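Below is one structure, written out as structure tokens, with a few remarks after it.
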Number of protein chains: 4
Amino acid sequence: MHIGLIGLGKMGFNMRERLRRGGVEVTGYDRNPDVTDVASVDDLLTKVPAPRIIWVMVPAGDITGATINELADKLDRGDMVIDGGNSRFTEDQKHAELLTAKGIHFVDCGVSGGVWGLQNGYGLMAGGTAGDIERALPIFDALRPEGERADSFVHVGGVGAGHYAKMVHNGIEYGLMQAYAEGYQLLASKDIITDLPGTFAAWQKGTVVRSWLLDLLVKALNEDPGLEKLGDYVEDSGEGRWTVEEAIANAVPAPVITAALFARFASREDSSPAMKMVSALRHQFGGHATQPAK
Amino acid sequence: MHIGLIGLGKMGFNMRERLRRGGVEVTGYDRNPDVTDVASVDDLLTKVPAPRIIWVMVPAGDITGATINELADKLDRGDMVIDGGNSRFTEDQKHAELLTAKGIHFVDCGVSGGVWGLQNGYGLMAGGTAGDIERALPIFDALRPEGERADSFVHVGGVGAGHYAKMVHNGIEYGLMQAYAEGYQLLASKDIITDLPGTFAAWQKGTVVRSWLLDLLVKALNEDPGLEKLGDYVEDSGEGRWTVEEAIANAVPAPVITAALFARFASREDSSPAMKMVSALRHQFGGHATQPAK
Amino acid sequence: MHIGLIGLGKMGFNMRERLRRGGVEVTGYDRNPDVTDVASVDDLLTKVPAPRIIWVMVPAGDITGATINELADKLDRGDMVIDGGNSRFTEDQKHAELLTAKGIHFVDCGVSGGVWGLQNGYGLMAGGTAGDIERALPIFDALRPEGERADSFVHVGGVGAGHYAKMVHNGIEYGLMQAYAEGYQLLASKDIITDLPGTFAAWQKGTVVRSWLLDLLVKALNEDPGLEKLGDYVEDSGEGRWTVEEAIANAVPAPVITAALFARFASREDSSPAMKMVSALRHQFGGHATQPAK
Amino acid sequence: MHIGLIGLGKMGFNMRERLRRGGVEVTGYDRNPDVTDVASVDDLLTKVPAPRIIWVMVPAGDITGATINELADKLDRGDMVIDGGNSRFTEDQKHAELLTAKGIHFVDCGVSGGVWGLQNGYGLMAGGTAGDIERALPIFDALRPEGERADSFVHVGGVGAGHYAKMVHNGIEYGLMQAYAEGYQLLASKDIITDLPGTFAAWQKGTVVRSWLLDLLVKALNEDPGLEKLGDYVEDSGEGRWTVEEAIANAVPAPVITAALFARFASREDSSPAMKMVSALRHQFGGHATQPAK
């Protein structure tokens, strides 16, 4: 199998390598001349044999939209586009309609595994028709870890279902990280804990909280035991937000995932207007002291 | 009626004045010679006619405990102590036992109203026996606003019930303030709102959210429309914490009050260990950029 | 002044009455023949003198959209539409564009006060141009409580700002109600509280938590002291959801308002899939007993 | 090595077996005659060679307290007690003082691993002096998984530190479970997800959220794909509550762990007094329909 891969950033670059190691021929395109295999998307399309499969691995939103628009113009009937980026699942239907109208197939695929995917393989969640998924299986098999397919790959449902599952996956991820982080702060706040990194390390085997994220947490503490080099500013990408929006849309209480999202928002504030107001109110009714603005 | 009042701080000072205006004779004692009426507690006890009523209005915890211990030693059978401070309700039973063993009566009374109580009158929640409450009614009547007694005074239950009610009152207060504060930040974050102070002002009459705290919020914005002079550091006193602890003890979900408490905790952190850990984890799995420690 | 009012439901019916008491002539239309003044919108438009002002007070969403579309077709240059319903602020711009293209003016106005507005007057938050707001002032003045205009009316900003402010108002309302509700449950869970309704009643004057909602809470407890007739099922209308969505869109932490929203979602679940999963997990790792499905 | 083990319940029974497999001789006592090795604690103490090590594995609280009191009476100078139960860390200092006064050594040890510990080994967190820990190492080594000691055992700090770490571990566990559970509900609420169990299964290898709890979740869904047999009632043991209490005591914001705890509280309510109040308030101000009590 020989496919095209558009987007060779942090994720796509490693995926190209893993695909090649797994026996899938890949022609990759990226705007960055240092990593691209070809000079242009047009060039890519001439290199990939028909019927083509083009994996899109570019930032979600406008860039993915523009890429899929371009492919809709340039691909042929029978070709297939797989959006492996973190697109919002609501975009998939639009992209599928655009492509399907021209006889081009579309699959959305959530990809998890981060920078470790090259080494460990990626967890994959795909949405699309059974026939389209079947056709792309060799790609999925090369990307995912060795072993049982069902442990790392799922055909979640129709178009959009793969990205929906990936969105929920990331929402869960927010919650898991925040749970560990709260535990970290609780241990760090207590003098009687004299071996904090060792405590997390000892949770790696045997405990109920063992996980891959815990292993990474141990690794982070090994590198910087007090996290002294790090700021507490945490970005969020779209998927945490979308997860909460879906919780709202479906009337699902999601206090843990939402708390994790809000903690990130708060981490990025230089000062909190809300807490200024609480300070103002306490002063107004109780004469409580306030602190001046920094 | 002539009572003793120990503690002439922000609250006690004003209460002495309101009591006097209401026809209750008050001998006040405070360690601060500028405000005290007498030189010592002993002095106070000679001035107040027997059977004495001594209102204690000192900081909760050790100072209240020491004051009540002292009174247990110095008062006579038939005297009464009223703890009007913000003591934890669990302390009241201990104080009552200590005093009752010596024939001294005890009432706990939650007092709300802040620095405005002198002018507006105080909301009062009392715990104790019916007889003791009855005996102290002239004091309560002088402290509370004019009008129906039931609108500003309640005999909540036995010893401790007054402080329990006040604790819950303050927990609610945390939640109310945070709700307004979140709304403030939402309005402040939106360019299309060109008259933010005017919006809050317009809520004072007619809307569902009108309240005394809203009136104070409007006052605060009048004094400093962008809250630019204020820091976002917010203290908490014991009662918010105790409310959440009671929620836990009684298996009552209290997400709003707890969120308000945690927001105060977060407001006081120079940097968040938890969010450093989240940043570390994102870097570990995804290679996401971190920010250096400040 | 003589205006048209479309929508004579719980809100519109009372508003018609208050407007008339305030000296504004009103021709009202509703699909319900028992309350309408005219047989049709067409009929209404012949009755209201030009340049017309038509106040739309129908359910947000499709019905408001359809009504404004109809008015866009039937009104004349120089007429004005005021949307006083609970439309999402993002709809206002669309409605304004549609109308403005035909020379019809548009104002959005958030209206608070519920069923008590007839008696007490409504709190009003308007968005639009200064000229349009000026033109509609006699209506606002009739609807709002007597007294200072600034205490119950605000020109918040351009089109959409009125509904944005109303949305935030309702978000705050969710938080305030939940704070009182948590306090209620904390008091109700404690045996030592022997006069729960009296406790809330005593908060009405003097305390920091006094508010109109508290007065209503006291009224509710007077009518049904243990709330024994009531189920715990609570609907939410759009505005709580939109407030949280705006919090997300603007990266504003809003844990209190969100907790209030999620509590409503949870109140409507017959059983919680999430908690079934927690039960399943506890059983899996710890052999903890589960309860069978009801 | 030959030790005594008091308590052969769900945890202790398996631990006796794992210790024996690991070459530690164990005399176990339990009130249940079907599982006990000896007829009484006195009997146990005659069987275990001096200086004795007695591992206590009974329910936290009164039963642990009574057991340690009994041991304080019956053990000899130089003997050692290890409390492996889920005692609150604040109890450890009391127990240590009681025992140390008689020359008896004390170690607290958090044990994680649930019913799987027999097979997988237990994660262990110990508090005590370096000498005491050293002496008990053969026990810890038999209980923990094979492999690096540091991956499953830690000497956290002085007396109490082991249980503190276990408490935080369990707090994190609450958060992790709730995060997965929210994700489960989000997937279950969406029609486009046609293979929900398969989605979780596919997360087991490769994804960021892979963990032991996720493996158990997959196992639970294999056994009952829709969790249809399960109720949504979830108990909590002390440790989640203590974690939140410690968060409060140390001013650590812990919204995720707390949300997980409150979700359990709510799961156990037949009806929510708080939500009844919200329903009552909505009815009062807006005339919104209520539902009758069930």
Side-chain angles (χ1 to χ4, degrees), chain C residues 10-11 113-116 173-174 177-178 180-185 188-189 212-213 216-217 219-221 223-224 226-235 237 255 259-260 263-264 266-267 269 271-294, chain D residues 10-11 113-116 173-174 177-178 180-185 188-189 212-213 216-217 219-221 223-224 227-235 237 255 259-260 262-264 266-267 269 271-294:
Chain C
K10 254 183 320 200
M11 288 294 285
V115 294
W116 296 86
E173 181 189 297
Y174 275 54
M177 285 198 280
Q178 197 70 27
Y180 285 119
E182 290 179 11
Y184 169 74
Q185 187 167 349
S189 71
W212 188 60
L213 278 167
L216 294 180
L217 188 159
K219 195 163 167 297
L221 289 177
E223 295 170 6
D224 181 3
L227 303 184
E228 284 163 15
K229 297 171 196 153
L230 277 181
D232 64 352
Y233 179 106
V234 185
E235 281 292 351
S237 53
R264 294 189 181 192
S267 81
E269 296 181 325
S271 84
S272 160
M275 298 320 288
K276 287 185 172 197
M277 179 51 83
V278 174
S279 181
L281 286 171
R282 290 184 83 235
H283 181 68
Q284 288 290 337
F285 75 73
H288 297 290
T290 58
Q291 292 213 352
K294 283 172 223 167
Chain D
K10 255 183 319 199
M11 288 293 285
V115 294
W116 296 86
E173 181 189 297
Y174 276 53
M177 285 197 282
Q178 198 70 28
Y180 286 119
E182 290 179 11
Y184 169 74
Q185 188 167 348
S189 71
W212 187 60
L213 278 167
L216 295 178
L217 187 159
K219 195 163 166 298
L221 289 177
E223 295 170 6
D224 182 4
L227 302 184
E228 283 163 16
K229 298 171 195 154
L230 279 179
D232 64 351
Y233 179 105
V234 185
E235 281 291 351
S237 53
F262 285 163
R264 294 189 182 193
S267 81
E269 296 181 325
S271 84
S272 160
M275 298 320 289
K276 286 185 174 198
M277 179 51 83
V278 175
S279 181
L281 286 170
R282 291 183 84 235
H283 180 69
Q284 287 290 337
F285 75 72
H288 297 290
T290 58
Q291 293 212 351
K294 284 173 221 168

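Treat the numbers as computed from the prediction; the structure is a model and nothing was measured. Numbered from 1 within each chain, the chains take letters A, B, ... in sequence-line order.
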(message) For a quick test of reading the model, state the closest non-hydrogen atom pair linking C:Ala181 to D:Ala274 and the distance between them.
(response)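 Taking every non-hydrogen atom into account, CB-O, 3.1 Å.
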For residues 283-293 of chain C, which side-chain donor-acceptor pairs fall under 3.5 Å, sequence neighbours excluded?
residue: C:His283; atom: ND1; partner: C:His288; partner atom: O; Å: 2.9
residue: C:Gln284; atom: OE1; partner: D:Lys219; partner atom: NZ; Å: 3.1
residue: C:Gln284; atom: NE2; partner: D:Glu223; partner atom: OE1; Å: 3.1

Look up atom [atom1] in [X] and atom [atom2] in [Y], then write down how far apart they are to the nearest 0.5 Å.
X: D:Met277; Y: C:Leu216; atom1: CE; atom2: CG; value: 10.5 Å
X: D:Lys229; Y: C:Lys276; atom1: NZ; atom2: NZ; value: 11.5 Å
X: D:Ser272; Y: C:Asp232; atom1: OG; atom2: CG; value: 5.5 Å
X: D:Ser271; Y: C:Glu228; atom1: OG; atom2: CD; value: 10.5 Å
X: C:Leu281; Y: D:Tyr174; atom1: CG; atom2: OH; value: 13.0 Å

(message) So, using side chain to side chain donor-acceptor pair (under 3.5 Å) as the criterion, who are the partners of C:Glu269 when residues are at least two apart?
(response)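 Scan of C:Glu269 (side chain to side chain donor-acceptor pair (under 3.5 Å), adjacent residues dropped) gives D:Gln185.
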(message) For C:Ala266, which atoms come within 4.5 Å of any heavy atom of chain D: side chain, backbone, both, or neither?
(response)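 No part of C:Ala266 comes within 4.5 Å of chain D.
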(request) Answer with side chain, backbone, both or neither: which region of D:Tyr233 has an atom nearer than 4.5 Å to a non-hydrogen atom of chain C? (result)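 Contact with chain C: backbone and side chain both.
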